[in-house]
Number of protein chains: 4
Amino acid sequence: MPAATPPGRARSGNRRDEAARLAVLHAADDLLVEHGFGTLTIEAIARRAGVAKQTIYRWWPSKVEILLDTLVEDSAKRLPAGKPTADGVRDHLRAFARFLTADPAGRVLLALLAQAQHDPATAASLHERFLGPRRQRDLDLIAHAVDAGEIAPRLDPDVLVDALTGPIVYRALTGADVTDDLVDALVADLLGVTGRRR
Amino acid sequence: MPAATPPGRARSGNRRDEAARLAVLHAADDLLVEHGFGTLTIEAIARRAGVAKQTIYRWWPSKVEILLDTLVEDSAKRLPAGKPTADGVRDHLRAFARFLTADPAGRVLLALLAQAQHDPATAASLHERFLGPRRQRDLDLIAHAVDAGEIAPRLDPDVLVDALTGPIVYRALTGADVTDDLVDALVADLLGVTGRRR
Amino acid sequence: MPAATPPGRARSGNRRDEAARLAVLHAADDLLVEHGFGTLTIEAIARRAGVAKQTIYRWWPSKVEILLDTLVEDSAKRLPAGKPTADGVRDHLRAFARFLTADPAGRVLLALLAQAQHDPATAASLHERFLGPRRQRDLDLIAHAVDAGEIAPRLDPDVLVDALTGPIVYRALTGADVTDDLVDALVADLLGVTGRRR
Amino acid sequence: MPAATPPGRARSGNRRDEAARLAVLHAADDLLVEHGFGTLTIEAIARRAGVAKQTIYRWWPSKVEILLDTLVEDSAKRLPAGKPTADGVRDHLRAFARFLTADPAGRVLLALLAQAQHDPATAASLHERFLGPRRQRDLDLIAHAVDAGEIAPRLDPDVLVDALTGPIVYRALTGADVTDDLVDALVADLLGVTGRRR
DNA sequence: AAGTAATCGAGACGGTACGTCATGTCTTAGC
DNA sequence: GCTAAGACATGACGTACCGTCTCGATTACTT
């Protein structure tokens with residue numbers, strides 16, 4: 001039966017095992033959500049993923065990079081680019097707030113932001129692979145909205161991004177909830193919405 | 001010579017050794033600043049402080065509580081209450097920004113905020129001993145300034161506190177600098193300064 | 001009851017735990033006999049002894065030194081000094097042959113002699129702690145027997161010791177048995193027994 | 001140019017590669033002499049021989065068998081059969097002593113004899129491929145010399161072989177030197193040389 | 001003044017996880 | 001069908017800290 005699924009252990013060979021890669025990412029994600037970063041050890045990930053420790057060390061330099069991989073993949077799915085309108089910016093921030101507080105992948109971001117305080121290498125990776133690109137996208141979004149005459153913020157764009165993102169992240173970090181009302185209030189106060197949209 | 005200082009090891013006895021307590025706090029602080037939270041172990045603190053491990057375990061339930069002790073003591077010295085004027089609020093935030101980015105004790109706060117993401121017990125302690133009291137003092141300060149007619153914010157006080165604190169903390173967390181200009185811009189945009197000021 | 005055995009866990013403190021020391025020695029001995037040197041790992045010894053790995057590393061630099069400890073202690077019990085007579089030398093060698101082939105501690109000696117081929121450090125330790133002293137005792141025994149006129153070997157003492165020990169060890173190493181008859185034949189041929197004997 | 005030596009990697013095909021076989025044997029031999037048995041790993045042999053690990057596993061069941069191959073090939077070259085005279089036996093033993101102490105292949109024999117203590121499979125292979133045949137040749141040599149009236153040993157041939165071989169091997173195992181004088185003394189004392197010699 | 005109690009430095013203990021290495025099995029792909 | 005290359009599960013290595021414990025010395029409060 002040439003086309004049948006090979007019985008038992010059937011992958012492996014000379015090339016990277018995609019199944020193992022995914023098993024590691026999912027195991028890391030699950031363990032983080034279930035037991036927190038503190039007990040998230042390489043050994044536990046390996047056990048949970050049914051993968052050898054060495055397979056993890058072969059492909060990832062640290063558990064932080066595993067989490068970054070999951071963050072980058074998950075955030076790409078869950079955080080689509082916003083439209084350059086006042087509503088678009090508001091929805092973009094609402095989605096980010098929900099991501100941080102309700103999505104497992106948001107827990108990953110908070111954990112990495114935390115770990116970055118303890119470890120410069122984590123800080124560098126996090127900036128390069130997530131924070132930097134995201135900030136650039138936010139800046140672009142705002143610039144486009146300004147160009148379109150949708151918003152007229154009084155603050156410098158570089159400050160504005162942090163004035164919007166900072167409170168949301170800070171609330172998430174301190175365990176407070178981040179409601180749509182809160183996001184809307186920030187948007188209303190900082191964006192200088194023009195025209196018909198209140 | 002019966003009254004002479006005994007050579008070598010000389011105190012100890014029935015009461016808590018204040019010198020040991022201070023040695024532990026300073027050792028923890030120093031090690032955090034020098035090598036980061038990652039390598040901050042109880043054993044390293046004990047070594048650096050010249051104290052037995054058990055002496056630490058007798059008085060502190062975890063290294064987090066050691067850091068909280070240093071944070072509470074240091075922040076009381078470095079973060080005096082602000083005056084309920086527009087300038088007072090501005091200075092208060094400027095001092096907080098400087099504390100976070102330039103003061104060793106600020107590094108402790110960032111480390112604890114980070115650790116709180118990994119460990120609920122840290123989160124609880126940090127709220128109870130630092131974040132809660134500080135937020136209350138911020139709310140009081142703002143309320144007094146509003147009562148005095150110094151400021152007229154459009155945002156709800158509870159949101160306002162995070163709108164001011166959040167960006168500062170977020171910048172510190174991401175390693176960006178927090179200039180007086182940035183603080184001033186936030187203050188100007190969010191506080192609705194009245195009267196002679198601006 | 002002041003003389004009673006302390007209840008529960010009663011050892012430890014800042015002094016070495018004799019129970020742990022013995023547990024390690026016995027575990028090593030047992031595992032060697034049961035499964036051989038190849039599977040004798042520090043981890044297995046720790047598991048079997050119910051002891052932490054670090055406790056082993058604290059006191060022994062390698063598994064070889066553990067075995068040497070058991071060898072030295074056991075051989076002292078099982079290999080009493082012989083009397084400086086022709087019969088004494090014969091009994092001494094018979095006991096050694098039995099030790100090598102039938103006694104678990106003899107297995108330890110063969111394993112160490114083997115390991116010494118693979119590792120110079122083992123060779124050095126084995127000489128210092130066992131082979132050297134034993135050779136000296138053999139030389140003394142022979143010298144006394146010669147002085148007493150009990151034996152009159154034609155070979156130089158230094159050669160004689162190896163001429164007697166070598167065949168016994170070699171037979172043990174190659175898995176052959178070492179009978180009393182074989183020992184007696186060697187003794188008869190090499191010792192030049194004098195006087196009333198034979 | 002079809003007949004030219006292909007550049008770079010060039011042989012292979014569907015027959016066993018003799019060059020690879022020799023490379024493995026030499027690599028094993030070299031590594032044993034250079035770094036000892038302890039660091040002699042399959043991976044190291046493969047690296048040194050410039051051969052894939054699997055190529056080794058395909059042809060040899062263990063590193064012991066690799067060494068046995070080198071031992072059998074080398075000892076055939078370096079240990080010619082002795083002549084059935086008193087001098088022949090003496091020269092035979094002198095050559096064996098030199099083989100053990102000075103020849104790399106002798107180191108291989110000692111290593112295998114050692115490994116045989118740790119592993120019954122090694123013991124079996126070593127007996128079958130080296131020790132057994134060699135013992136038989138020794139017995140034959142002695143029997144012929146006795147028949148020829150060259151020697152008249154008092155010991156049983158089976159004991160005699162070990163009485164001659166044992167001390168030499170034992171000295172080699174314990175790192176002592178094995179001089180011609182020592183061999184000659186043993187021969188003189190055990191062989192009962194007759195006739196014109198001595 | 002003797003006894004009691006809590007402190008301290010020291011460090012051994014049973015554990016868990018670390019990151020590295022070698023094992024022997026397997027697959028891919030070139031010749 | 002052989003080869004080199006190398007991914008994989010397994011498991012031991014020796015190290016670092018964990019948090020608990022026992023020790024012996026020291027010093028203060030009790031009677």
Side-chain angles (χ1 to χ4, degrees), chain A residues 6 9-17 19-21 39-44 46 49-59 61-63, chain B residues 6 8-17 19-20 39-47 49-59 61-63, chain C residues 6 8-17 19-21 39-46 49-59 61-63, chain D residues 6 8-17 19-20 39-46 50-59 61-63:
Chain A
R9 184 154 156 291
R11 20 94 271 89
S12 173
N14 195 356
R15 281 220 148 11
R16 178 164 189 181
D17 184 346
R21 186 185 141 264
T39 58
L40 182 67
T41 66
I42 299 274
E43 304 229 321
V51 139
K53 219 174 17 157
Q54 187 56 36
T55 297
I56 296 183
Y57 282 108
R58 190 172 5 254
W59 298 109
S62 70
K63 66 181 174 182
Chain B
R9 184 157 155 285
R11 21 83 280 84
S12 165
N14 197 0
R15 276 215 147 19
R16 177 162 189 183
D17 185 346
T39 59
L40 182 66
T41 67
I42 299 275
E43 304 228 322
I45 296 173
R47 270 196 301 271
V51 140
K53 222 177 13 160
Q54 186 56 32
T55 298
I56 297 182
Y57 281 107
R58 195 181 348 263
W59 299 107
S62 71
K63 67 181 173 182
Chain C
R9 183 154 157 292
R11 19 99 270 90
S12 176
N14 91 26
R15 279 220 151 13
R16 180 166 188 179
D17 185 346
R21 186 184 141 265
T39 58
L40 182 65
T41 66
I42 300 274
E43 303 229 322
I45 296 173
V51 138
K53 219 177 10 162
Q54 187 56 38
T55 297
I56 297 182
Y57 283 108
R58 191 172 3 252
W59 298 108
S62 70
K63 66 181 176 181
Chain D
R9 180 158 156 287
R11 21 81 276 89
S12 165
N14 81 14
R15 278 234 147 4
R16 176 163 189 184
D17 184 345
T39 58
L40 183 66
T41 66
I42 300 274
E43 304 231 322
I45 297 173
V51 141
K53 224 177 11 160
Q54 188 54 30
T55 299
I56 297 181
Y57 281 107
R58 195 180 345 267
W59 297 108
S62 70
K63 65 183 174 182

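Throughout, protein chains are lettered first and strands after them, A, B, ... in sequence-line order, and every chain is numbered starting at 1.
- Looking only at side-chain heavy atoms (C-beta outward), R21(A) and W59(A) stay at 4.5 Å or farther from each other.
- Following rounding to the nearest Å, R58(B) (CZ) and dA10(E) (C1') show an atom-to-atom distance of 12 Å.
- With sequence neighbours left out, the side chain to side chain donor-acceptor pair (under 3.5 Å) criterion links E43(D) to K53(D).
- Distance, N14(B) CG to dT27(F) P: 12 Å, rounded to whole Å.
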Could you list all N or O pairs between the protein and nucleotides 15-19 of chain F that sit under 3.5 Å apart?
unit_1, atom_1, unit_2, atom_2, d
dC18(F), OP1, I42(B), N, 3.0
dC18(F), OP2, I42(B), N, 3.1
dC18(F), OP2, E43(B), N, 2.9
dG19(F), OP2, Y57(B), OH, 2.8
dG19(F), N7, K53(B), NZ, 3.1
dG19(F), O6, K53(B), NZ, 2.7

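- Contact between the side-chain N/O atoms of R15(C) and the OP1/OP2 oxygens of dG11(E) is not found at any separation under 4.0 Å.
- Each of T55(D) and A52(A) was matched to the nucleotide of DNA chain F holding its nearest heavy atom; the match closer to the 5' end belongs to T55(D).
- The minimum heavy-atom distance between I56(A) and I42(A), with the atom names listed, is CD1-O, 4.0 Å.
- The nearest whole Å value for the distance from the CG atom in D17(B) to the P atom in dA5(E) is 22 Å.
- Taking every heavy atom of both residues into account, A52(D) and A46(D) meet most closely at C-CB, 4.3 Å.
- Between the CD1 atom of I45(D) and the C1' atom of dA22(E) there is a distance of 12 Å, given to the nearest Å.
- The phosphate of dA12(E) (OP1 or OP2) has no side-chain N or O of W59(C) nearer than 4.0 angstrom.
- With sequence neighbours excluded, the residues satisfying side-chain contact (heavy atoms from CB on, under 4.5 Å) with A44(B) are L31(B), T41(B), R47(B).
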